[in-house]
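Just so we're clear, the structure is a prediction, and the values are computed from it rather than from any experiment. Here is the naming used below: chain letters follow the sequence lines, and residue numbers restart at 1 for every chain.
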Amino acid sequence: MALLRYVLRRLGQAALVLGIVIVLQFLLLHLAPGDVADVIAGESQASDPAFVAQLRAELGLDRPLPVQLLLHLQRVVTLDWGQAHSMDAPVWQLIAERLPATALLMLSAIGLAVVLGVGLGMAAALRARRWLDGVISVLALLFYATPGFLVGIVMILVFSVQLQWLPMAGMSSLYDDSPAWLRAVDTARHLVLPTLTLGLFYVAIYTRLMRAAMLEVLPMEHVRTARSKGLAPWRVVWHHAGRNALLPIVTMAGLQVSSLLGGSVIVETLFGWPGIGRLAFEAVFKRDVPLVMGVLLLSSVLVLTVSLAVDLLYTRLDPRIRLR
Amino acid sequence: MRTTTKLLLASLTALHLLTGHAQAPARGGTLTIALPTEPAHLNSAIDTTQQVKIVAGKIYNGLVKYDLKMNMQPDLAESWSVAPDGRTITFKLRKGVKWHDGRDFTSADVAFSVMKGFGPNNGLVRTTFANVEAVQTPDAHTAVLVMRQPAAALMAALPVATATILPAHVYDNTDIRRNPANSRPVGTGPFMFSEWRRGDSIVLVRNPNYFEAGKPLLDRIVFRVIPDTQARGAAVESRAVDMVFHSTVAASDARRLGSLPHLALTTDGYHFDSTVSFAEFNTQHPIVGRAEVRRALAYAIDRKFILDNVWMGFGRVATSPVHHGLRQAHTDDVPQYPYDLRKAEQLLDEAGLKRGADGKRFKLTIDFVPFGDQYPKVAQYVRQQFTQIGIDADVRSTDFATWVRRIWTGRDWAINLSALTNASDPSIGIQRAYSSKNIVPGTPFTNGTHFRNADLDQYFEQASVNQDPLVRKRHFAAIQRILATELPVIPLVAIDQFTVFNKRVRNHATLADGVYGGFADVWLAPN
Amino acid sequence: MQTLRRRLARSASFVAGAALLALVAAMALLGPLLYPEGPWVTVGAPMTWPGADPLRPLGTDALGRDLLAGLLHGARVSLLIGAAATAAALGAGLLVGAVAGYRGGWVDDALMRLTDAVQTVPPFLLAIVVVLIVKPSVGSIVGAIALISWPTVARLVRAEFMRLREADFVSAARLMGMSPARIVVTQMLPNALPPVIVSASIMVASAILIESGLAFLGLGDPNVVSWGTMVGLGRSDFRAGWYLVVVPGLAIMLSVLALNLLGDGLNDALNTRLPG
């Protein structure tokens with residue numbers, strides 16, 4: 001019961017927050033002069049006034065701002081995402097088509113970060129203050145400090161241009177009726193560099209986090225007891241130390257969704273990855289308000305959902321924490 | 001040698017010379033082209049952006065095509081004749097042409113397209129086709145354009161990019177902008193729409209019933225969306241794509257790419273996209289609104305430096321907004337402004353704008369079109385040059401919508417760095433920018449400088465209706481002289497657009513519209 | 001203070017970070033000295049490689065401008081943007097966090113909902129929207145970065161204040177009749193500062209990273225030479241000269257490294273109660 005009340009209260013708060021988000025973003029997008037009709041007309045070097053006026057009327061851009069905002073809110077409540085102004089498709093379709101690509105990229109990056117981060121962090125903690133720890137810590141620091149685009153560009157130079165091992169743009173190179181497994185391999189090949197570029201930053205974070213958490217847990221009573229009982233070292237490490245150290249990792253992973261979505265803009269632009277990060281950027285550039293609002297709304301919903309899930313998971317992992 | 005042997009030898013030699021090293025065109029294969037931006041849809045009748053044209057040009061046809069020598073070739077029209085008074089053009093249409101959905105192509109499609117398709121909707125040629133009063137269709141294979149006045153530029157506007165023939169049975173009585181066929185096009189062209197993976201690629205496949213027998217030669221064309229300039233260069237280098245068009249790899253990279261053994265570079269095939277970059281002025285600005293100030297500033301810009309270092313030599317220094325490729329109109333016989341910083345300073349002094357105690361004369365903001373990699377660099381260069389002659393110059397970077405609003409609706413700008421395509425004729429491309437009849441606040445690419453000159457307007461009017469090419473050339477020469485004297489615009493570089501392509505791609509630049517054409521003759525040489 | 005200084009001196013991270021940061025600061029100071037005419041002047045043949053011309057040790061860009069001049073002048077700009085954005089974020093975050101943490105109740109709820117609203121939007125995306133809409137300039141970039149950074153500070157400060165609210169010395173101050181404002185500023189704030197100071201260093205680093213990311217996407221201030229704008233301008237020619245991107249990129253990496261090490265060191269030295 002307490003759980004249900006908690007979830008409902010959180011959902012209520014989330015709805016309020018989303019409402020604020022929508023209004024603020026709408027106002028933000030209308031701060032500057034110019035609109036998507038200018039973009040469409042401008043891009044085609046179309047110089048006909050009737051054309052531009054007609055376009056504006058069709059898109060409802062000639063109505064006063066409060067009216068437009070109300071219409072938008074009305075659409076959100078009825079779950080109608082609207083039609084994109086700059087592309088010939090409904091917003092939900094454009095987002096749905098590109099969401100899997102970003103999801104794939106983000107999950108791969110998080111997966112890489114967690115696996116590598118946990119592994120490296122553990123290794124560093126177990127060999128604390130020896131040369132392995134030093135090497136890992138320095139590497140972590142370097143990956144944390146290097147701007148994403150630099151990592152990406154160097155990867156492209158080395159692996160795509162120089163060695164020609166991996167493709168450097170897009171999500172696939174097969175356009176015929178290849179079998180599914182071949183397509184999967186092809187997509188995987190395209191996924192490597194973007195994942196590394198996006199994920200190495202988070203590998204650094206998790207490595208340091210895991211190392212710190214492990215260092216806190218390792219000297220603790222129950223671990224030393226387990227060791228003295230003669231249990232296999234790796235079992236000690238994992239069951240008794242590692243699992244407790246995972247708590248901060250889980251929390252971090254949840255909080256990273258927001259940052260990953262932002263980071264994906266650069267990676268997707270650099271690698272031509274057809275995801276929603278790039279979609280958002282292009283939409284903002286074109287002043288396509290429905291599309292921008294759609295993507296921002298989706299991201300916000302995603303962040304709120306993951307945040308709720310992480311909090312619930314938190315209580316599972318650590319029974320000492322109770323829901324407020 | 002005996003006569004017969006000589007004869008045999010001669011004919012064998014002739015035969016050998018004829019066939020020479022020419023390979024026989026091969027059938028089949030997939031051509032991959034890099035797209036810098038994903039198109040909003042695929043209907044070039046309502047959208048003249050490059051990304052729409054390049055795809056649509058292979059799905060649809062126009063009435064005629066132009067070869068590299070600017071001779072008209074049949075496309076959907078087999079033959080045509082212009083009445084002596086220039087007010088009627090009769091087109092005899094090809095028979096047996098089918099739309100991709102199996103229906104027959106008839107003159108009704110032409111009538112619809114001219115009167116309700118591209119005619120009223122194509123921003124570039126709307127004024128040209130506004131002249132057409134009606135399209136008569138005496139039979140299913142004849143279309144007669146009846147015009148109020150002769151339109152000299154109309155014939156040049158008939159290829160597919162500007163006069164896309166749409167299927168009336170799909171578009172008539174519908175909202176042309178919302179018709180789903182815009183994203184699943186039905187055309188008459190050599191390639192049919194197959195698939196669109198949003199954000200990733202567009203796939204076209206061969207039209208087995210194309211009206212040119214045995215064509216197209218390619219099985220498939222894939223357009224891959226690659227928004228990053230570097231990624232495009234790397235893609236063509238690593239053979240992930242076969243072709244990068246319209247100068248969409250960095251100019252600094254283009255020559256290196258073209259010199260690789262498997263790649264080539266060409267500037268052919270962009271005749272209809274002749275573009276000239278320029279610095280234009282707001283003629284209502286208190287300072288640069290004065291012609292003498294503009295002339296002074298012209299001396300401060302080294303166009304050769306810009307050509308060499310921003311466009312990497314792809315083009316020529318421009319003396320006129322009319323591209324040198326438009327031979328029917330271009331002239332170099334205009335006042336020149338060679339690079340001379342001292343002269344610039346002297347003229348500014350004479351204009352009464354002397355340096356103050358802090359060494360500065362006046363403040364100026366530089367705007368530029370937020371499209372492409374070149375204009376930020378030109379802006380920085382111009383800023384530096386102006387700083388040297390005592391102007392407190394600032395660069396303003398905005399997004400597309402704000403820029404469009406500012407230049408054509410608001411008046412708070414002074415100098416704008418941009419470019420304009422001449423299209424296939426100055427009456428289409430240039431008139432809209434400098435005729436005082438085309439000052440239309442709110443609409444981009446009209447007369448944004450608000451330049452007004454009665455003589456100029458007159459010459460433009462006459463050139464647009466006069467059929468005689470020599471008379472038109474004289475009028476255009478006069479126009480260019482006025483523009484170079486009053487200088488509402490300082491032309492910078494007449495750009496040579498280029499294509500970087502894999503050498504296995506043959507025949508892609510055989511027509512005047514180059515990469516924007518149908519590609520029915522394009523084939524891939526086996527490695 | 002004595003022990004603090006000693007603790008800082010013993011922390012390898014702090015020393016390393018401070019040393020690197022001093023190097024960056026030196027770069028910023030040397031700029032106007034070595035290149036008084038600024039980084040905008042065309043000084044040589046365009047696109048020369050580092051080392052090709054001894055007068056231009058780091059080469060030139062597409063417009064013939066000296067990369068080393070750009071690097072040195074850019075150091076000042078990048079550091080200033082980072083510092084200004086962080087200062088603004090700290091200011092806003094401290095204000096919101098202190099008020100929310102001290103007052104509690106509906107004030108706390110309202111402020112936290114506002115904080116949530118700002119934090120819910122992916123930060124980098126929000127920064128892009130703000131900069132693009134308001135037109136790219138140093139001001140809008142600083143504002144955008146401050147906008148996306150203040151929520152974390154606010155939460156941190158709020159947590160500290162909520163903890164400190166129940167502390168003995170605060171109750172004592174209240175009993176003495178001190179006004180809430182005085183309590184907050186003179187009693188609670190100094191105790192809440194340690195985690196804020198640590199995050200300040202990290203925030204400057206992330207501000208520099210965000211600015212470079214924005215510039216990479218073409219949203220840098222065109223009237224300013226910063227490391228970010230050097231990357232943004234050099235990006236399209238990077239095949240002809242990858243040094244155009246790598247040189248400023250390495251400078252960014254160096255500064256971010258320095259600031260993170262500094263933050264680590266401060267964390268080690270100041271840490272007694274910090275979570276995690």
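- In terms of heavy atoms, C:Thr120 sits closest to A:Val303 at O-CG2, 3.6 Å.
- To the nearest 0.5 Å, atoms CG (A:Leu27) and CD1 (C:Ile133) are separated by 11.5 Å.
- For a residue to count as touching a neighbouring chain, one of its non-hydrogen atoms must lie under 4.5 Å from one of that chain's; by this rule C:Asn260 touches chain A with the side chain only.
- For A:Val17, the parts lying under 4.5 angstrom from a heavy atom of chain C are both the backbone and the side chain.
- Contacts between A:Leu157 and chain C at a heavy-atom distance below 4.5 Å involve the side chain alone, from C-beta outward.
- Interface residue C:Asp264: only side-chain heavy atoms are found under 4.5 Å from chain A.
- In this structure, CG in C:Leu209 is found 7.0 Å from CZ in A:Phe201, a value given to the nearest 0.5 Å.
- Residues A:Ser258 and C:Gln119 approach most closely at OG-O, 3.8 Å, considering heavy atoms.
- Minimum heavy-atom separation, A:Ala145 to C:Val256: CA-CG1, 3.5 Å.
- Proximity to chain A (any heavy atom under 4.5 Å) is shown, for C:Val118, by neither the backbone nor the side chain.
- Heavy-atom pairs under 4.5 Å with chain C were tallied for A:Ile153, A:Val292, A:Leu24, A:Thr269; the largest tally goes to A:Ile153.
- Two residues are said to be in side-chain contact when any heavy atoms from C-beta on lie closer than 4.5 Å; C:Leu217 and A:Val265 meet this criterion.
- The distance from atom CG of C:Asp116 to atom CG of A:Leu16, rounded to the nearest 0.5 Å, is 9.0 Å.
- C:Pro122 and A:Gly262 get closest at one heavy-atom pair: CB-N, 4.0 Å.
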| query | Between C:Ile202 and A:Tyr144, is a side chain to side chain contact (heavy atoms under 4.5 Å, CB included) present by the stated rule, with each step listed? | reply | CA-CA 11 Å; C:Ile202 315 262; A:Tyr144 186 76; 4.1 Å; yes
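- No option in C:Leu219, C:Leu125, C:Val129 other than C:Leu219 meets the side chain to side chain contact (heavy atoms under 4.5 Å, CB included) test with A:Phe281.
- The minimum heavy-atom distance linking A:Ile266 with C:Gly213 is given by the pair CD1-CA, 3.6 Å.
- Only the side chain of C:Leu261 comes within less than 4.5 Å of a heavy atom in chain A; its backbone stays farther off.
- When the shell of 6.0 Å around CZ of A:Arg10 is examined, it contains more than 12 heavy atoms from other residues, nucleotides or ligands.
- Residue contact with chain C, scored on non-hydrogen atoms closer than 4.5 Å, is absent for A:Leu302.
- With respect to chain A, the highest number of heavy-atom pairs below 4.5 Å among C:Val231, C:Ile208, C:Ile148 belongs to C:Val231.
- When each of A:Thr146, A:Leu142, A:Leu261 is checked for heavy-atom pairs under 4.5 Å with chain C, A:Thr146 comes out on top.
- With chain C as partner, the option from A:Val257, A:Ile22, A:Val284, A:Leu260 having the largest number of non-hydrogen pairs under 4.5 angstrom is A:Val284.
- For A:Leu141, the parts sitting under 4.5 Å from any heavy atom of chain C are the backbone and the side chain alike.
- When all heavy atoms are compared, the tightest approach of C:Ala117 to A:Ile20 is CB-CG2, 3.8 Å.
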